[in-house]
Structure formats: structure tokens, C-alpha cells
> 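Can you keep this structure in mind? I'll have questions shortly.
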Amino acid sequence: MQQFDYLVFIGRFQPFHAGHKMVMDSALSLSKRVIIVLGSHNQPRSFTNMWLSHERQHMILSCYSKEEQSRIDFAYQETFAYNNNKWVASIQNQVDDIIHKEGRVGPAKVGLIGHAKDYTSYYLKLFPTWKSVNVAASILTNATDTRVELMETKEFKGHNLLPTVIEYIKKWKYHNVHDYALMKKEYEHIKTYKEAWKTAPYAPTFVTADSVVVQSGHILLVTRKFMPGEGLLALPGGFIKEYELIVDAVIRELKEETKLKVPIPVLKGSIKEIRVFDAPYRSQRGRTITHAAYIHLQDATELPKVTARDDAKYAAWYELGTLQRNNMFEDHYDIIDEMVNL
């Protein structure tokens, strides 16, 4: 019996597996329409986010008949790592837009469906005006295991994936040789990195420092030379040395990576704010907490010269209005957004 006009199903679906389908099947039986919110939208490819939104959408639709597909809508949600309110509001607005575009008259009965498996399902409590529907797990699945299999085996079997999804992933791998090779290289780098810390008495927490340098509507960024994130834009920064203050680490890393032609006293005097950014999974390398310094240089008609070195392949000034999430390292877009209000 259909109890809802719309059920909202939020997930990353990296990839869409049997557990997801179990929830989706329940949603289709309980609601006239289902709105799937594809999380981690507009992220660069990585081991964690292998497939782009349109690819995940294709996987999902391939599992359903034409009639069922006609009852499925999609929303695309970016990850606002440090602003739950912005994340929730974006989803609410997209759901409202879908409902209104379908010409509904009068209020709609909207619910939120999902499987509360662990602490990562906290988002199910962020929409109190939507009735929550929890689907008990009868199929034990783990999307991470699927991605590991894809990285480590030649013959991909896709345990707990639907046949259409397995076929899609095999074709995707064949047609995306370059992207797959880069992700595999990054995966192997991260795996080796974690192995080096495997004998530590407890899981390590790394501390880093980054700089958000802004002048005349431009921001100073580097292109990463090495894995992880090789080729992606990033804030100048790196690991803090054991003897350093945070502010000294910020300036040292900034100078090492960009050779920014601004005196150190001016840089320190231009620091407007230092904030901690500590999303638990912000880095694939493990628990990494960074301290970002917002350095606002006095507006000028000419930007200071920069030269890349150390871990940076390139260093350059970019217009703030041109920044895009899908070519930036880790959560650096979110850090800039929080400190500069893009």
C-alpha cells in the first residue's frame, strides 16, 4: 500500500548494491514516487568517489523496468563538510523543486527512507518534518569492499551487485582506462601509507596547516605534484613539524610551496582568522586535522609573484568566482567556502 506521495532516499551509491536495492524496492512499494539524492556530487574521482553522478544514476536505473524508472526522480547533492544546515536546506529545496515541477496541487506527503546502519546514518535525523522509514538490513553489504575488489582483482565479480551494475562497471573500466589507472595509483599509495602506520599502538592522528591567501578577488592555489590528489588544485600547506607553532607552519608551508613574494611580517600581520577543520573522513590517509589561516592581503592592481616548488607542480592565482569543487583536493573547496563565503 502506498503511504507516501514521495519518499526521499539519500546516499552516495558508490556503487549501487543489493542493500541499496532492498531499500529502493521498499520505497517504490510505499510511495507513488521516489526521489534519489545522489550525495558527493561534483567530487573529483578517487577511491572513495569512483563514479560521477550521471554514472551512478545510470547504474540505478538499469536495475528497474521502464514503468519503475518513470517513478524515480534524481537530485544531486554536493558535500558541505562543515555546514549541515546548508546541506539540509539544499536537499529540501531540490525536493520542493521536483514536487512543484510535477505540478502537484496541495501539500505532498513526503518521507525519508533509509537503513540506519551506524553513526554514518546520522543524516536520517536531520529532516524532522519528513516521516522517517527505516528499512531493516537483510543483506549485509559494503560498498568499500566492492571498490577494493575493483582495485585489486583482474576478474571483477561484484559480490552483492545486480547483474546490470556488474556489466556497467566492467564496461566503465574498459572505457575509462586513464581514470581507473589514476585511481589505482592513488589507492596503492594510500594502502602503502597506511601500512607504514599499521604497527603503531593506536590509530595515528595527523596535524596539518593550510593557508587561504586572498588578494583582490583572487586566491593562491597550487597543483599537487604527488599522490594523493596528484594534479588537483589545493591550498598551500602540509604537515606541522614537532617544534612548530601553527602560525609558523602555515607561513613555512606557504613559502616552501609558492615562494610568495610577500615579506613574512606582512603575511603574519594579514592573518584574519585561523580555524580548525576536522571532518573525520576529510582525508583518505587517515584522521587528519588541519588548521587553515585566512590571509587577506591588501587589495592591489598587481598580484605578488609566485613560483611552485616542493610538493607543488604549479602555483598560481585564481579568480574566486571560477573555483569548482570537482578539481579540488579533499575538502579544500569547503574550507575556502567557509572562510571566504564563496
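Residues take their numbers from the sequence shown, with the count starting at 1.
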> Could you tell me which residues satisfy side-chain contact (heavy atoms from CB on, under 4.5 Å) with Ser26, sequence neighbours excluded, listed by chain and number?
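Checked Ser26 against side-chain contact (heavy atoms from CB on, under 4.5 Å); matches are Ile113, Val135.
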
> Do the side-chain N and O atoms of Tyr76 and Gln57 include a donor-acceptor pair separated by under 3.5 angstrom?
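Tyr76 vs Gln57: donor-acceptor pair found between side chains.
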
> Should we count NZ of Lys259 as having more than 12 external heavy atoms under 6.0 Å?
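Check fails, neighbour count at 12 or below.
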
> State which residue, out of Tyr180, Trp172, Phe16, fulfils the ring-ring contact (aromatic ring centres under 6.0 Å, His included) condition with Trp51.
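Answer after filtering Tyr180, Trp172, Phe16: Trp172.
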
> Under a 3.5 Å distance rule, please check whether Arg56 uses its side chain to pair with a backbone N or O of Arg12 as donor and acceptor.
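A pair under 3.5 Å: yes.
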
> For the side chain of Arg33 and the backbone of Phe4, is there at least one donor-acceptor N/O pair under 3.5 Å apart?
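Flag not set: sc Arg33 to bb Phe4 has no pair under 3.5 Å.
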
> Starting at CD of Gln92, measure out to CG of Asn85 and round the result to the nearest 0.5 Å.
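The distance works out to 9.5 Å.
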
> Do Leu221 and Leu323 have side chains that approach each other closer than 4.5 Å (heavy atoms only, starting at C-beta)?
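Result yes, sub-4.5 Å side-chain heavy-atom pair found.
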
> Kindly determine whether Ile99 and Val110 satisfy side chain to side chain contact (heavy atoms under 4.5 Å, CB included), including the steps that lead there.
CA-CA 10 Å; Ile99 294 172; Val110 182; 3.8 Å; yes

> Verify side chain to side chain contact (heavy atoms under 4.5 Å, CB included) between Phe277 and Asp334, making sure each step is shown before the conclusion.
CA-CA 9 Å; Phe277 292 91; Asp334 290 298; over 6 Å; no

> Do His17 and Val165 come within less than 4.5 Å of each other through their side chains, counting heavy atoms only?
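Not touching, per the 4.5 Å side-chain cut-off.
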
> Treating Ser31 as the side-chain partner and Ala27 as the backbone partner, does any N or O pair qualify as donor plus acceptor under 3.5 Å?
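Judged by distance alone, no pair lies under 3.5 Å.
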
> Measure from the side-chain N and O atoms of Ser65 to the backbone N and O of Glu68, and report whether any donor-acceptor pair falls under 3.5 Å.
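At least one qualifying donor-acceptor pair exists.
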
> Among residues two or more places apart or on two chains, list those pairs meeting side-chain hydrogen bond (donor to acceptor under 3.5 Å, both in side chains) that have a residue in residues 213-223.
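Output for this query is empty, none listed.
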
> If I compare all heavy atoms of Arg282 with all of Thr288, which pair ends up nearest, and what's the gap?
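Heavy-atom minimum between the residues: CD-O, 3.1 Å.
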
> Please report the closest heavy-atom contact between His296 and Tyr294, naming both atoms and the distance.
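Result for this residue pair: CD2-OH, 3.0 Å.
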
> Is the cationic atom of Arg285 (NZ for Lys, CZ for Arg) positioned less than 6.0 Å from the six-membered ring centroid of Phe206 and within 45 degrees of its normal?
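Not flagged: Arg285 not positioned over aromatic ring of Phe206.
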
> Considering residues at least two apart in sequence or located in another chain, which fulfil the ring pair (Phe, Tyr, Trp, His ring centres under 6.0 Å) criterion with Tyr168?
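His58.
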
> Just wondering, more than 12 heavy atoms not from Lys170 lying within 6.0 Å of its NZ?
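Check passes, neighbour count above 12.
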
> Side-chain contact, heavy-atom cut-off 4.5 Å: Ser40 with Thr79?
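A side-chain contact under 4.5 Å exists here.
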
> Please round to the nearest 0.5 Å and tell me the distance separating atom CG of Leu233 and atom CZ of Arg224.
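Reported to 0.5 Å precision, the distance equals 11.5 Å.
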
> Side-chain contact test, heavy atoms from C-beta onward, threshold under 4.5 Å: evaluate it for Met59 versus Ile169 and give yes or no.
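Yes; the side chains approach each other to less than 4.5 Å.
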
> Would you say Ile35 and Gln94 make side-chain contact, with heavy atoms under 4.5 Å?
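Not in contact.
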
> What's in the same ILVMFWY side-chain cluster as Tyr314, cut-off under 4.5 Å, chained through other members?
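Traced through the cluster, Tyr314 reaches no other member.
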
> If you define the side chain from C-beta out and look only at heavy atoms, does anything of Val133 sit under 4.5 Å from Gln3?
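When only atoms from C-beta onward are counted, Gln3 and Val133 do not touch, as no gap falls below 4.5 Å.
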
> Between Asp310 and Lys225, does at least one N-O distance fall below 4.0 Å, as a salt bridge requires?
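Looking at Lys225 together with Asp310, the answer is no, because their closest N to O distance does not fall below 4.0 Å.
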
> Start with the C-alpha distance between His189 and Glu230, add both sets of side-chain angles, then the distance that settles side chain to side chain contact (heavy atoms under 4.5 Å, CB included), and finish with yes or no.
CA-CA 11 Å; His189 173 86; Glu230 181 181 335; over 6 Å; no

> Quick one: side-chain contact (heavy atoms from CB on, under 4.5 Å) partners of Lys198, sequence neighbours excluded?
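For Lys198 the side-chain contact (heavy atoms from CB on, under 4.5 Å) partners, ignoring immediate neighbours, are Glu195.
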
> Would you say the side chains of Asp248 and Tyr243 form a donor-acceptor pair under 3.5 Å?
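Distance-only check fails for Asp248 and Tyr243.
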
> Counting distance only, does the side-chain N/O of Arg252 pair as donor-acceptor with the main-chain N or O of Glu256 below 3.5 Å?
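Between the backbone of Glu256 and the side chain of Arg252 there is no qualifying donor-acceptor contact (under 3.5 Å).
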
> Is the shortest heavy-atom distance from the side chain of Val95 to the side chain of Asp73 under 4.5 Å?
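No, every pair of side-chain atoms sits at 4.5 Å or beyond.
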
> Starting from Leu182, walk the hydrophobic network (Ile, Leu, Val, Met, Phe, Trp, Tyr; side-chain heavy atoms closer than 4.5 Å) and list everyone else you reach, by chain and number.
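Under the 4.5 Å side-chain rule, Leu182 groups with Met227.
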
> Have Gln77 and Ser90 got a donor and an acceptor in their side chains that come within less than 3.5 Å?
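A donor-acceptor contact under 3.5 Å links the two side chains.
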
> Can you list everything that forms a ring pair (Phe, Tyr, Trp, His ring centres under 6.0 Å) with Phe47? Sequence neighbours excluded, please.
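Ring pair (Phe, Tyr, Trp, His ring centres under 6.0 Å) list for Phe47, sorted by chain: Tyr187.
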
> Is there a donor-acceptor contact under 3.5 Å from the side chain of Tyr123 to the main chain of Ile10?
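Yes; at least one donor-acceptor contact below 3.5 Å.
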
> Show the numbers, then the answer: is there a side chain to side chain contact (heavy atoms under 4.5 Å, CB included) between Leu232 and His332?
CA-CA 10 Å; Leu232 295 178; His332 289 200; over 6 Å; no

> Look up atom OH in Tyr82 and atom CG in Asp331, then write down how far apart they are to the nearest 0.5 Å.
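The distance works out to 3.5 Å.
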
> Looking at Glu257 and Asp311, would you say the former's side chain and the latter's main chain have a donor-acceptor pair under 3.5 Å?
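A pair under 3.5 Å: no.
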
> Check which hydrophobic residues are tied to Ile274 through side-chain heavy-atom contacts below 4.5 Å, counting indirect links as well, and list them.
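Under the 4.5 Å side-chain rule, Ile274 groups with Val207, Val213, Leu220, Ile240, Leu245, Ile246, Val247, Val250, Ile251, Leu254, Leu260, Val262, Ile264, Val266, Leu267, Ile271, Ile295, Leu297, Leu303, Val306, Trp317.
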
> Classify the ring geometry between Phe13 and Phe9 as parallel (under 30°), tilted (30 to 60°) or perpendicular (over 60°).
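Plane angle over 60°, so perpendicular.
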
> Taking only residues at least two apart or on different chains, which pairs with a member in residues 203-212 satisfy side-chain hydrogen bond (donor to acceptor under 3.5 Å, both in side chains)?
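Checked against side-chain hydrogen bond (donor to acceptor under 3.5 Å, both in side chains) - neighbours excluded - the pairs reaching residues 203-212 are Thr208-Thr290, Asp210-Thr290.
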
> Test of understanding: with side-chain hydrogen bond (donor to acceptor under 3.5 Å, both in side chains), list the residues that count as partners of Tyr64, not counting sequence neighbours.
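Scan of Tyr64 (side-chain hydrogen bond (donor to acceptor under 3.5 Å, both in side chains), adjacent residues dropped) gives Asp25.
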
> Would Val340 and Leu235 show up in the same hydrophobic cluster when neighbours are defined by side-chain heavy atoms closer than 4.5 Å?
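Yes, because Val340 and Leu235 connect within a single hydrophobic cluster, where side-chain heavy atoms sit under 4.5 Å apart.
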
> Less than 4.0 angstrom from a charged side-chain N to a carboxylate O is my criterion; do Glu55 and Arg45 meet it?
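Yes, charged N to carboxylate O under 4.0 Å.
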
> Any carboxylate oxygen within less than 4.0 angstrom of a Lys/Arg side-chain nitrogen, looking at Lys86 and Glu338?
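Not counted as a salt bridge, because no side-chain N and carboxylate O are separated by less than 4.0 Å.
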
> When rounded to the nearest 0.5 angstrom, what is the spacing between CD in Glu78 and CD in Gln43?
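It comes to 8.0 Å.
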
> Between Arg147 (side chain) and Asn49 (backbone), is there a donor-acceptor pair under 3.5 Å?
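Between the backbone of Asn49 and the side chain of Arg147 there is no qualifying donor-acceptor contact (under 3.5 Å).
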
> First locate atom CD1 of Ile190, then atom OG of Ser283, and finally report the distance between them rounded to the nearest 0.5 Å.
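So the CD1 of Ile190 and the OG of Ser283 are separated by 6.0 Å.
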
> Under the side-chain contact (heavy atoms from CB on, under 4.5 Å) test, which residues partner Arg71, sequence neighbours left out?
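Testing Arg71 for side-chain contact (heavy atoms from CB on, under 4.5 Å), a comparison that skips the adjacent residues, returns Gln2, Leu28, Glu67.
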
> Any sub-3.5 Å donor-acceptor pair from Glu186's side-chain atoms to Ser46's backbone N or O?
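No; judged by distance alone, with no hydrogens or angles, the pair does not exist.
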
> In Å, rounded to the nearest 0.5 Å, how long is the span from CD of Gln14 to OG1 of Thr146?
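Here the interatomic distance stands at 11.0 Å.
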
> With heavy-atom distances below 4.5 Å as the criterion, would you say the side chains of Met183 and Leu150 are in contact?
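Met183 does not reach Leu150 side chain to side chain.
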
> Is the closest basic N to carboxylate O distance between Lys32 and Asp5 below 4.0 Å?
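A salt bridge links Lys32 with Asp5.
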
> Quick one: list whatever passes ring pair (Phe, Tyr, Trp, His ring centres under 6.0 Å) with Tyr333, sequence neighbours left out.
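So Tyr333 forms no ring pair (Phe, Tyr, Trp, His ring centres under 6.0 Å) with any residue.
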
